[in-house]
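Heads up: the structure comes next, in C-alpha cells.
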Amino acid sequence: MPHTLPTRFDYEDYRLLPDDGRRYEVLGGELHMTPAPSPQHQHASKRLLAVLVQYFEDARRAHVFYSPLDVILAPDDVVQPDLVVVREARQISSRGIEGPPLVVVEITSPGRLLYDRTVKAKRYAARAVPHYWILDPDERRFECFRLEDDRYVLRASGTESEHLKVPDFPGL
C-alpha cells in the first residue's frame, strides 16, 4: 500500500508534532509556528487574566484559560490563543477546549499584528467564535470585536489611559 504525505494538517497530525518548545497552530489545514511571547506580552497577559478571572470566574459566569492550551475549533483549526473564555463546561476536555469558546483574546507580538487581524480573525469568524479581542501592548490598545454576519465588528476600543467598558458584558 502506498504511503502518502498530508497536504493539509488536522488535529491528529498536530498532536504528533514533536515537543520542541515551539508553539504550533493549525489554521485552515495549514501549520503555523508562533514564537514564544516576550516579557511585555506575558505581563499584559497576566494583567488581563486577572481582570477576566475576576469578572467571569469569580461571578461563575464562565471559565478562563491561558496559553498554552489547545482550542480545537475543528479538525483543521487548532489554535493556542493567549486567553480563552468558555461558558459551556462540556467544551472542556482532556484534549483542551473543543469548539468555539465565548471569547478569544490574542495579545499581539512585534510583527504579528497583521497576522492576528487577518489570518486568525478569518479563522475565528469561520468557526463562529462570538467575541474576538486583540490587545496590542506596543500601542497600548485593546479592541473588542463581536461576530456579526460572518465578520467581526468593533464594539469597544481604548488605550491604557481610558476606562474601557465592553458593552456585551455589563460591568466588565
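Only a predicted model underlies this, so the values are computations on that prediction, with no experimental measurement involved. All heavy atoms count here, side chains included; hydrogens, waters and symmetry mates do not.
Linking ILVMFWY residues whenever their side-chain heavy atoms come closer than 4.5 Å, directly or via other members, leaves Val53 and Phe65 in distinct clusters. Put simply, Phe145 and Val153 are part of two different groups of oily side chains (I, L, V, M, F, W, Y) that touch within less than 4.5 Å, one to the next. Hydrophobic clustering of Ile, Leu, Val, Met, Phe, Trp and Tyr side chains at less than 4.5 Å, counting indirect connections, unites Val84 with Val79. No continuous path of ILVMFWY side-chain contacts below 4.5 Å connects Met33 to Leu16, so the two sit in separate hydrophobic clusters. Cluster membership for Val26 and Leu69, using ILVMFWY side-chain heavy atoms within less than 4.5 angstrom, is not shared.
Counting heavy atoms from C-beta outward, Val105 and Leu48 have side chains that approach closer than 4.5 Å. No side-chain heavy atom of Gln42 sits under 4.5 Å from any side-chain heavy atom of Ile107.
Sorted by first then second residue, the side chain to side chain donor-acceptor pair (under 3.5 Å) pairs that include residues 50-66, not counting sequence neighbours, number zero.
The shortest non-hydrogen separation linking Cys144 to Leu164 is SG-CD2, 4.4 Å.
Looking at residues two or more places apart in sequence or on another chain, you find a salt bridge (charged side-chain N to carboxylate O under 4.0 Å, His left out) between Asp20 and Arg22. Take Arg151 and apply the salt bridge (charged side-chain N to carboxylate O under 4.0 Å, His left out) test, not counting sequence neighbours, and it matches no residue. Listed by chain and residue number, Arg146 satisfy the salt bridge (charged side-chain N to carboxylate O under 4.0 Å, His left out) test with Glu148 (two or more places apart in sequence, or in another chain).
Put simply, the residue from Tyr115, Phe9, Tyr14 that forms a ring-ring contact (aromatic ring centres under 6.0 Å, His included) with His32 is Tyr115.
Remark: the backbone N or O of Arg112 is not paired with any side-chain donor or acceptor of Ser109 at under 3.5 angstrom. In this structure, Asp70 contributes its side chain and Ile72 its backbone to no donor-acceptor pair below 3.5 Å.
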Please set out all donor-acceptor pairs under 3.5 angstrom arising from side-chain atoms of residues 117-137, sequence neighbours excluded.
residue, atom, partner, partner atom, Å
Arg117, NH1, Glu143, OE1, 3.4
Arg117, NH2, Glu143, OE1, 2.1
Arg117, NH2, Glu143, OE2, 3.2
Thr118, OG1, Leu114, O, 2.6
Lys120, NZ, Glu25, OE1, 2.9
Lys120, NZ, Glu25, OE2, 2.9
Lys120, NZ, Glu106, OE2, 2.8
Arg123, NE, Asp77, OD1, 3.0
Arg123, NE, Asp77, OD2, 3.3
Arg123, NH2, Asp77, OD2, 2.7
Tyr124, OH, Glu106, OE2, 2.7
Arg127, NE, Asp77, OD2, 2.7
Arg127, NH2, Asp76, OD1, 2.7
Arg127, NH2, Asp77, OD2, 3.2
Tyr132, OH, Asp116, O, 2.7
Asp136, OD1, Thr108, OG1, 3.4
Asp136, OD1, Asp138, N, 3.0
Asp136, OD1, Glu139, N, 3.2

Donor-acceptor pairs under 3.5 angstrom involving side-chain atoms of residues 85-103: please list them, not counting sequence neighbours.
residue, atom, partner, partner atom, Å
Gln91, NE2, Glu98, O, 3.2
Gln91, NE2, Gly99, O, 3.4
Gln91, NE2, Pro100, O, 3.0
Ser93, OG, Arg95, N, 3.1
Ser93, OG, Gly96, N, 3.4
Ser93, OG, Gly96, O, 3.4
Ser93, OG, Glu98, OE2, 2.8
Arg95, NE, Glu98, OE2, 2.8
Arg95, NH2, Glu98, OE1, 2.9
Arg95, NH2, Glu98, OE2, 3.4

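Atoms OH and CG, on Tyr24 and Asp19 in that order, are 10.0 Å from each other to the nearest 0.5 Å.
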